[in-house]
K.L.:
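Pasting a structure here, questions to come.
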Amino acid sequence: MQQEVVLALLAKEPSHGYQLRARLRQALGPIGEAMNAGQVYVVLTRLEKAGLVTTERPELATGPAAAPTADRKTYALTPKGQQRVAEWMTEVSWPKPDLTEFHLKLVAAAAAGLADPLSIVDTQRRELLRRLREAQRAAMAEPDGAEAGLLLEGIVLRLQADLRWLEACERSWTTRRSTS
Amino acid sequence: MSSILSTRGLTRTYGDGESLVRAVDGVDLDVAAGETVAVMGPSGCGKSTLLHLVGGLDRASGGEIHLAGRRVDQLTERALARLRRTDVGFVFQAFHLMDELTVIENVELPALLAGRSPRAARARATELLRRVGLDAKGDALPTALSGGQRQRVAVARALSNEPVLVLADEPTGNLDSAATLDVLRLFEDLHEAGQTLVIVTHDERIAATADRLISMRDGAFVDETRLTGGTTGHLGALAGLEG
């Protein structure tokens, strides 16, 4: 689990660890089920050590209802954490495409009002199109049947697949924006 | 830089009242001489209508179109038809070749319609077929050619009348990956030869060959990207060799 994803999910409001897990499961569906329950807490601990989040313990209540558990902690962004989230929003992660990371970036951006998901999509698309152009020019320069041409075609097709998915992201977030 | 093509507030509406559809909604477009511009967007965004308007195949409901220094949105039907014959070349998704005519007859037709002599038209067609790598197919019928070859004939035909502007509507829409690459190479050659090109498409591959990419949504331009310049040197990383 990418640290920035967890950070960005805290941007809207401070949360308990179990709330973050629930939000991730909702955003990821069946893919989120493969996620280890402890993973979020591992990341949160790391973030806390790095000074990107702070924790607050609730006033210790008395009585049997107040079971002492790690889940009771509330996590919040520090100013440094907020800055890191803002940077992450503008980063383009290709050529190592991490679909889950990008998807969650859009989810977190929309939830916390950090950035317009459509402008994140546009930025990513610009970058991919420039790379497609580069790969394609290289492919066009190869003579027919050249071995390297086949590799370049593979790169072109993968970039195209990513661009199609961005189109789907754009459609989906356009609809959500107009219905919200 | 001087524009070969510019539009101001270009608008095309259909229907009226409640059922008014703004297919093209106040578009300002400037295309410089020798520039390749791609317009992308989902189907129904108005990109084909835009192309038809600037090519004189359809009439605008409002706004202005200037082509090669002349205002053309107010021309009479007759003057508009002449403009299409002399100044504009079209490439369509479905090729639109005449199946009864041979390949070279298809290519020379626009030159003849633009008033060239038969001899000059034939010489131009022969040269264009050589340029698109089909000089051996001049006497064949279009139906004997593959889809990629037919589109190359269609590109040659679009250049026959030496147009100031070539307009292409989904030129790779019916082609497989290898044939697409051939057509991309051809457009690249045109670009290098200084031809001004406007392509509307939803194929990212041909869009990526443009100097400038415009995104269109609901009849309007919403984003513009200059694809030339900027970052390069990613090929190694794209192939998984680095990073």
Side-chain angles (χ1 to χ4, degrees), chain A residues 91-98 116-175 177-178, chain B residues 36 38 40-45 133 148 172 176-192 201-218 220-243:
Chain A
E91 282 169 15
V92 177
S93 61
W94 248 81
K96 286 205 145 188
D98 185 333
D116 180 358
L118 291 181
S119 82
I120 294 177
V121 170
D122 280 338
T123 306
Q124 182 85 355
R125 177 171 28 226
R126 269 198 279 277
E127 215 35 57
L128 293 198
L129 280 165
R130 287 205 187 94
R131 284 159 204 205
L132 177 62
R133 179 184 175 86
E134 193 181 350
Q136 203 155 250
R137 291 180 86 88
M140 283 191 275
E142 291 294 317
D144 280 336
E147 281 180 353
L150 190 59
L151 174 60
L152 289 163
E153 185 176 358
I155 293 170
V156 165
L157 289 170
R158 282 178 64 172
L159 283 164
Q160 260 185 294
D162 284 325
L163 283 160
R164 301 239 164 113
W165 182 60
L166 283 181
E167 244 175 72
C169 291
E170 178 182 353
R171 270 197 305 278
S172 167
W173 284 101
T174 306
T175 317
R177 191 165 62 172
S178 57
Chain B
T36 298
M40 279 192 95
S43 41
C45 73
T172 53
D176 64 26
S177 180
T180 293
L181 198 59
D182 280 342
V183 170
L184 295 185
R185 281 199 183 106
L186 200 48
F187 276 85
E188 199 77 3
D189 290 346
L190 294 188
H191 186 220
E192 268 162 35
T201 185
H202 62 250
D203 179 356
E204 307 83 9
R205 295 185 64 180
I206 192 145
T209 66
D211 298 310
R212 201 148 51 92
L213 175 63
I214 294 168
S215 301
M216 198 167 173
R217 238 174 267 154
D218 299 328
F221 291 172
V222 293
D223 190 48
E224 183 174 323
T225 308
R226 183 157 290 283
L227 293 174
T228 46
T231 48
T232 52
H234 294 294
L235 278 181
L238 289 169
L241 289 178
E242 308 159 8

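All figures in this text were calculated on a predicted structure; none of them were measured in a lab.
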K.L.:
Taking side chain as C-beta onward, heavy atoms only, is T180(B) less than 4.5 Å from I206(B)?
P.N.:
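Side chain of T180(B) against side chain of I206(B), heavy atoms only: no contact under 4.5 Å found.
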K.L.:
Would you mind checking which part of A178(B) comes under 4.5 Å of any heavy atom in chain A, side chain (CB onward), backbone (N, CA, C, O), both or neither?
P.N.:
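For A178(B), no heavy atom lies under 4.5 Å from chain A.
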K.L.:
Can you name the nearest heavy-atom pair linking R130(A) to T225(B), along with the distance?
P.N.:
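Distance-wise, the nearest heavy atoms are NH2-CG2, 4.0 Å.
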K.L.:
Could you tell me which of A207(B), S215(B), P42(B), A210(B) has the largest number of non-hydrogen atom pairs under 4.5 Å with chain A?
P.N.:
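Ranked by heavy-atom pairs under 4.5 Å with chain A, first place is A210(B).
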K.L.:
Can you tell me which residue among D203(B), D189(B), T209(B) is in a side chain to side chain contact (heavy atoms under 4.5 Å, CB included) with L184(B)?
P.N.:
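Going through the options one by one, the only one that passes is T209(B).
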K.L.:
Mind checking whether V156(A) and Q160(A) have side chains closer than 4.5 Å, heavy atoms only?
P.N.:
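V156(A) vs Q160(A): side chains touch.
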K.L.:
At a heavy-atom separation under 4.5 Å, does R125(A) approach chain B through its side chain, its backbone, both, or neither?
P.N.:
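The side chain, not the backbone.
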K.L.:
Counting only heavy atoms from other residues, nucleotides and ligands, does the tally under 6.0 Å from CG of D176(B) exceed 12?
P.N.:
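Correct, the count exceeds 12.
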K.L.:
With only heavy atoms counted, which part of A138(A) is less than 4.5 Å from chain B, the side chain, the backbone, both or neither?
P.N.:
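Only the side chain of A138(A) comes within 4.5 Å of chain B.
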K.L.:
With only heavy atoms counted, which part of R205(B) is less than 4.5 Å from chain A, the side chain, the backbone, both or neither?
P.N.:
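Both backbone and side chain.
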